Amino acid sequence: MNKRSISVLSVLIVLIAVPGWSQTCQSREEIAAADRTAIENTAQQLFEQSARGDADSIRTNSVPSLQSSFNGIAGAVNDNKDALSGAKPQIRTAFLLDTGATPSPDGRFYCGVYSGNGMASNGAEFDLPGLAAGKYAVVIQDVVGSKGPYAFSTVLQQMNGWKLAGLQIRPESAYGHDGIWYLERARDYKNKGQNHNAWFFYATSWDLMAPVRFMETKLLGKINEELTSVQPKDIPSGNPVSYIVNGKTYSITEMSVLHTQNTFDLAIKYSVPSTADFNATQADARNLANAYVAQYPELKDAFNNVWAHAIDPSGGDVPGLVNLEQATN
């Protein structure tokens, strides 16, 4: 499974009764030189501390509300230390966000040039609802280390100096390929009418090319548009979907891609009342995985394995595995 990618954004929710918003966003080229230097130096220092696994120093340089709930950040730093250690970061871009005195409740910031054709290629949109009034910065660094390319992205808040308010560490390759490769394969699958493979490859492409989940660019918007156009009805999107196998109805809650350097797998999660009988539950999970592969044999072209996870109300998780190399025999 790919490394845990943790996003923790510390915010203070402010209720605003006065209409009219004055939020602004400056791209890296527009930020005053002194501010840009301070922002980027802080982001680079946070990277160096993360590469050393120095969670204590990161916590000291965080906003107070993040210091009091720091386990997510500490976990992300620990999980990704090997990927960052010895790597040379390169700042890709930075943005300076100012909420003004009356922040918009939706927290939407538009950065760069917009025209009748929409967002410019170097523009961005950020969706950060609930931000307290103040100044924030988003700094994205590209990192290439022993485990491949990663995006190291920090959200900073101006509080007597720039302090960490959020962190995401995300891989930019899966199974040896980058997001553009997955986008091209997704379009190939779409042209073949293999919408399940297409949807999962579009989703993987978006995931690898989005440095943070609350950001949209022109390319990410295009990928999302194409992904939405091919989504099969039996892939859940927010709400569970019913899937019937041999007269039994399964409530599928989530379908996602799991990838390492050596495997590219599909995971299916579904709800069950109990997982107390492990053997019976595991057999049932395998039945679901086998049935899904039998209905959509195209999956054999795209994935190494399919995992079905039976999840009970207490969080119990019993997986059933189908190896697709075996399934093709």
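What you see is a predicted model, and the numbers here were worked out from it, not measured in a lab. Residue indices begin at 1 and follow the sequence shown.
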Asp54 side chain to Ser57 backbone, donor-acceptor under 3.5 Å: yes
Shortest non-hydrogen separation from Thr281 to Ala310 and the atoms involved: CG2-CB, 3.5 Å
Check: Gly134 main-chain N/O paired with Thr99 side-chain donor or acceptor under 3.5 Å: yes
Asp284 vs Lys248, salt bridge (Lys or Arg N to Asp or Glu O under 4.0 Å): CA-CA, chis, key distance, verdict: CA-CA 10 Å; Asp284 185 57; Lys248 179 175 181 177; 2.9 Å; yes
Any side-chain heavy-atom pair of Ile268 and Tyr250 under 4.5 Å: no
Plane angle bin for Phe214 and Phe126 - parallel if under 30°, tilted between 30 and 60°, otherwise perpendicular: tilted
Between Trp206 and Asn224: side-chain donor-acceptor atoms closer than 3.5 Å: no
Note: Asp207-Arg213 ion pair, threshold 4.0 Å (strictly below): yes
NZ/NE/NH1/NH2 to OD/OE distance under 4.0 Å, Asp56 and Arg59: no
Same apolar cluster: Ile169 and Phe70, side chain cutoff 4.5 Å: yes
Hphob cluster co-occupancy, Leu266 + Val245, side-chain heavy atoms under 4.5 angstrom: yes
Where Gly53 and Val77 come nearest, the two heavy atoms and their spacing: CA-CG1, 3.9 Å
Validation row: Asp98, Tyr136 side chains within 4.5 angstrom (heavy atoms): no
Trace of the side chain to side chain donor-acceptor pair (under 3.5 Å) decision for Gln295 with Tyr243: CA-CA 11 Å; Gln295 184 171 358; Tyr243 184 75; 2.5 Å; yes
Sidechain-backbone polar pair: Gln141 side chain, Ala151 backbone, donor-acceptor under 3.5 Å: no
Shortest non-hydrogen contact from Lys190 toward Ser229: NZ-OG, 3.7 Å
Nearest non-hydrogen partners of Ile58 and Ser50, listed with the distance: CD1-OG, 3.3 Å
Parallel, tilted or perpendicular: ring planes of Phe201 versus Tyr182, cut at 30 and 60 degrees: tilted
ILVMFWY network linking Val241 to Trp199, side-chain heavy atoms under 4.5 angstrom: yes
same_hphob_cluster(Tyr270, Val318) at 4.5 Å side-chain heavy-atom cutoff: no
Residues Ser173, Asp178; criterion side chain to side chain donor-acceptor pair (under 3.5 Å); working and verdict: CA-CA 4 Å; Ser173 68; Asp178 63 14; over 6 Å; no
Beyond-backbone contact of Leu167 with Val155, side-chain heavy atoms, under 4.5 angstrom: no
Proximity of Phe47 and Tyr150 rings by center, below 6.0 Å: no
Cationic N near anionic O, under 4.0 Å, Glu172 to Arg92: yes
Aromatic plane relationship, Tyr175 with His177 - under 30° parallel, 30 to 60° tilted, over 60° perpendicular: perpendicular
Steps toward side chain to side chain donor-acceptor pair (under 3.5 Å) verdict (Tyr296, Asp234): CA-CA 11 Å; Tyr296 303 110; Asp234 58 6; 2.6 Å; yes
Side-chain donor-acceptor pair present, Glu30, Ser27, cut-off under 3.5 Å: yes
Carboxylate-amine/guanidinium proximity below 4.0 Å for Glu226 and Arg187: yes
Heavy-atom closest contact (Ile39 atom, Ala137 atom, distance): CG2-CB, 3.7 Å
Joint cluster assignment, Val257 & Leu299, ILVMFWY side-chain distance < 4.5 Å: yes
Candidate pair Arg28 and Glu40, rule salt bridge (Lys or Arg N to Asp or Glu O under 4.0 Å), full reasoning: CA-CA 10 Å; Arg28 188 183 187 192; Glu40 293 183 358; 2.7 Å; yes
Over all atoms of both residues, closest heavy-atom pair of Pro211 and Met209: CD-O, 3.2 Å
Backbone of Gly179 reached by a side-chain donor or acceptor of Ser205 within 3.5 Å: yes
Pairwise side-chain contact, Leu321 with Asn305, heavy-atom cut-off 4.5 Å (strictly under): yes
Flag if over 12 foreign heavy atoms under 6.0 Å of NZ, Lys163: yes
Side chain to side chain, Asn80 and Lys147, heavy atoms closer than 4.5 Å: no
Asn197 (side chain) donor-acceptor with Asp301 (main chain) under 3.5 angstrom: no
